[in-house]
Structures are given as structure tokens and as C-alpha cells.
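A note on names: the letters A, B, ... follow the listed sequences, proteins ahead of strands, and every chain is numbered from 1. Computed from heavy atoms alone, side chains included, the values below leave out hydrogens, waters and symmetry copies.
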2 protein chains.
Amino acid sequence: MTLDETDRAILRALAQNADQSTSRLGQKLGLSQPATWRRIKRLQEAGVIAGRRLMLDSASLGFGVTVFLGVKLATKGRVSLEDFERAIGAIPEVQTVEHVLGLYDYRVRVIARDLADFERVLRRRIMTLPGVGDVEANVLLSEERLSGPLEQ
Amino acid sequence: MTLDETDRAILRALAQNADQSTSRLGQKLGLSQPATWRRIKRLQEAGVIAGRRLMLDSASLGFGVTVFLGVKLATKGRVSLEDFERAIGAIPEVQTVEHVLGLYDYRVRVIARDLADFERVLRRRIMTLPGVGDVEANVLLSEERLSGPLEQ
DNA sequence: CTTGAAAAGAACTGCCT
DNA sequence: AGGCAGTTCTTTTCAAG
């Protein structure tokens, strides 16, 4: 799909604030409300805008610890990949499972109430999964999300 | 803040679909439209709902490659941390910068048009940053985001 | 908590340039 | 592609039980 400068300006504005009305957005860009709305709808139908996701504050819900795991599988048959994905996806504390190429096979984002709670999840639920080999852990200190080149 | 079962049901529903109206959501939960609206507003004011974020499809915008970097700094003074964060945050291809505790100091999510483009970013922009030591890379194959325990 | 109503605003449609 | 006008839906506030 081809994006002109106006489309990029719309994506840039919506990336900063996804909760603004089409009329307000149009005013900023010197566009009418229906024109703005039609462009957004076109971007949605083209799949460029995949949707809007709710951002939950894990800390205010009592989950103070976020840990990134690098997981290497011991046995990597096709079956074991799917078994592992199904099993780790069933753990409530697991937020994202990323299948990756490199030193590790999977990157997993886990949240827990505190470090003691995380140790429980790691020992009782993750280390016992089928096919798990080496596991590396990184505790999140701070995180910054940037606009990226997508809207530029 | 204290959440009852209805609050959790609202979070669960909105996590699945952030674009549904308060009246439709209320119907599912057996709640009136104003009651649903008041609960959502209360969750927003309490900071539990941090906002809504636009999801952009990087592939449809020509960015077919996502790479996770683990970065170890060579020198870790307070100044060098801030210098590094400022410098890597200024690279357009960098989407998230996470300061972590463990084998690496930072986890960085980078997108690029293809692997050749990623190599350019890695060699020209990232490896040349101040204080960068070891760098480990994992190429994303597939990704799954789960609802997690936040809404349960 | 509920229902009902009313006002404001946002989204959507059709027509025209 | 864009604007204008009108319709429909949602959000928001209010009154009352």
C-alpha cells in the first residue's frame, strides 16, 4: 500500500494518542472530519492499523516484577516446538511468547507479584516444561517505547 | 485499588477488544450502560487502564524483520547509562529500550526492512554507540501475545 | 446498584466539486 | 482525492428509585 505524507501524519498522531476523535485530528492536519475518517478506515482495511490495544498498568494490579526469559530447548522436533508453545502459553503469568532465531529458541515475557512469586513460577511451572534446556533471565528495571520508523 | 469480579470481567473484555462500546460491553455483563461507563472511568482514573495504544503492522509498512538485541555495556557509570539510552533511543529503527538486570544491561527491539537493512543498522548505528560491549541478537520468527493474569 | 431521559459529541453516509 | 450536510450511534451527564 502507498502512504502519502498525510497518511503518515495520521499514523504519527494516532501513535501518540489513539483516543482522539477524527474531527480533532482533522483540525490539526487541515482536513475535514469525513476525510480524516475515510483515511483512517482505509488504513485499517489495508491492515496498516491492526487495531487498538488496552494498556494495563501491571504495577497497579499488584504485579511489580517483569522478567524476560531466554529459553533454549533441549530437543527441537516440530512436535516439541508446538508442545512447548502450548504448555508455556497456558501459564497465566506468561504475557508474550516469541519464537526466535539465534542463541535462544524462545523469548518469554513473564510478570509476577514479586521476586519470590517469580521464583515459584520459574521453578514450578517453567523449568518443568517439556523439552526445556538452558534458561536465561533478565529482570526489567525500566522500559521505554519509542515511536519508531513506522509513522515517519 | 480493589477490583471485584465485574471489574475483572470488564478488563478481560476490553483486553480482547478495546474498541467496543460501553453499552455492548454492559449487555454482555448484565450491567447498564452508565454503570459500565462509570466503572471504566474509575479504572482509568485509578491508573489501572493506562490508555489505548495503536497497533501498527510493521510488515505491511515494509518492515519485515524484527530483531531482539541483548546489549552489555563495557563501562557502566551513571553517565554512560544515560548517554547510551539517549543515543540508542535516537535511532529510528529502535522500537523499545528496556533496562534490565542480568546477563545483559539492555534489551532492545529493532525493526528493519530486511536482514541487509538490519545489518546496516547494527554495524553503522548500534555497534558504534558509546560504551557498547557484547551484543547478542535474536531474529523474531513468530510472536504470540497472551491475556496474562492482569485481567483474571 | 438500577432505569430513563436528555444533551453533547463522535462516527458514518450520500451527494457534490 | 476533498468538503458539506445530515443521520445514526456513542458517550456523558442528570434525575429519581
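Rounded to whole Å, the distance from CZ on A:Arg38 to P on C:dT13 is 11 Å. For the pair B:Arg52 CZ and D:dT11 P, the interatomic distance rounds to 8 Å; values are reported in whole Å. In this entry the distance linking CG of A:Asp4 with P of D:dA1 reads 9 Å, nearest Å. Separating the CD atom of A:Gln44 from the P atom of C:dA11 is a distance of 11 Å, rounded to the nearest angstrom. Between the C1' atom of D:dT11 and the CD atom of A:Gln20 lies a distance of 17 Å, rounded to the nearest Å. Here the P atom of nucleotide D:dA1 and the CG atom of A:Leu29 are 15 Å apart, to the nearest Å. Here the P atom of nucleotide C:dA8 and the CH2 atom of B:Trp37 are 16 Å apart, to the nearest Å. The distance between atom CG of A:Asn17 and atom P of C:dA10, rounded to the nearest whole Å, is 12 Å.
Of the candidates B:Ile49, B:Leu43, B:Val48, A:Ser60 forms a side chain to side chain contact (heavy atoms under 4.5 Å, CB included) with just one, namely B:Val48.
Contacts of B:Ser21 with the nucleic acid, taken as non-hydrogen atoms under 4.0 Å apart, involve only primed sugar atoms and P, OP1 or OP2.
When atom types are taken as modelled, the side chain of A:Arg125 and the backbone of A:Arg120 share no donor-acceptor pair closer than 3.5 angstrom. For the pair B:Asp117 (side chain) and B:Ala112 (backbone), a donor-acceptor distance under 3.5 Å is absent.
For the residue pair B:Glu136 / A:Tyr104, no side-chain donor-acceptor distance below 3.5 Å is found, with atom types taken as modelled.
Of all heavy-atom pairs between A:Leu69 and A:Ala137, the closest is CD2-CB, 3.6 Å.
Between B:Arg24 and the phosphate of D:dT10, there is no side-chain N or O to OP1/OP2 separation shorter than 4.0 Å. Here A:Ser23 reaches the OP1 or OP2 of C:dA10: one of its side-chain N or O atoms lies under 4.0 Å away. Contact check, A:Ser32 against D:dG2: no side-chain N or O comes under 4.0 Å of OP1 or OP2.
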For residues 139-146 of chain B, which side-chain donor-acceptor pairs fall under 3.5 Å, sequence neighbours excluded?
unit_1   : atom_1 : unit_2   : atom_2 : d
B:Glu143 : OE1    : B:Arg109 : NH2    : 3.2
B:Glu143 : OE2    : B:Arg109 : NH1    : 3.1

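Taking the side chain of A:Ala35 as heavy atoms from C-beta on, and the options D:dT13, D:dG3, D:dC4, the nearest nucleotide is D:dG3. Among D:dT10, D:dT13, C:dC12, the nucleotide with an atom closest to any side-chain atom of B:Lys41 is D:dT13. Checking C:dG4, D:dG2, C:dT13 against the side-chain heavy atoms of B:Pro34 singles out C:dG4 as nearest.
Looking at heavy atoms from C-beta onward, A:Phe63 lies out of side-chain contact with A:Asp114 at the 4.5 angstrom threshold.
Judged by distance alone, with hydrogens and angles left aside, A:Gln33 brings no side-chain donor or acceptor close enough to the base of D:dC4 to form a pair under 3.5 Å.
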Item to check | Structure string for DNA chain D in dot-bracket form, Watson-Crick and G-U at under 3.5 Å, | interchain | outcome: ||||||||||.||||||

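DNA chain C is contacted by both B:Gly30 and A:Thr22; B:Gly30 maps to the nucleotide lying nearer its 5′ end (nearest heavy atom per residue).
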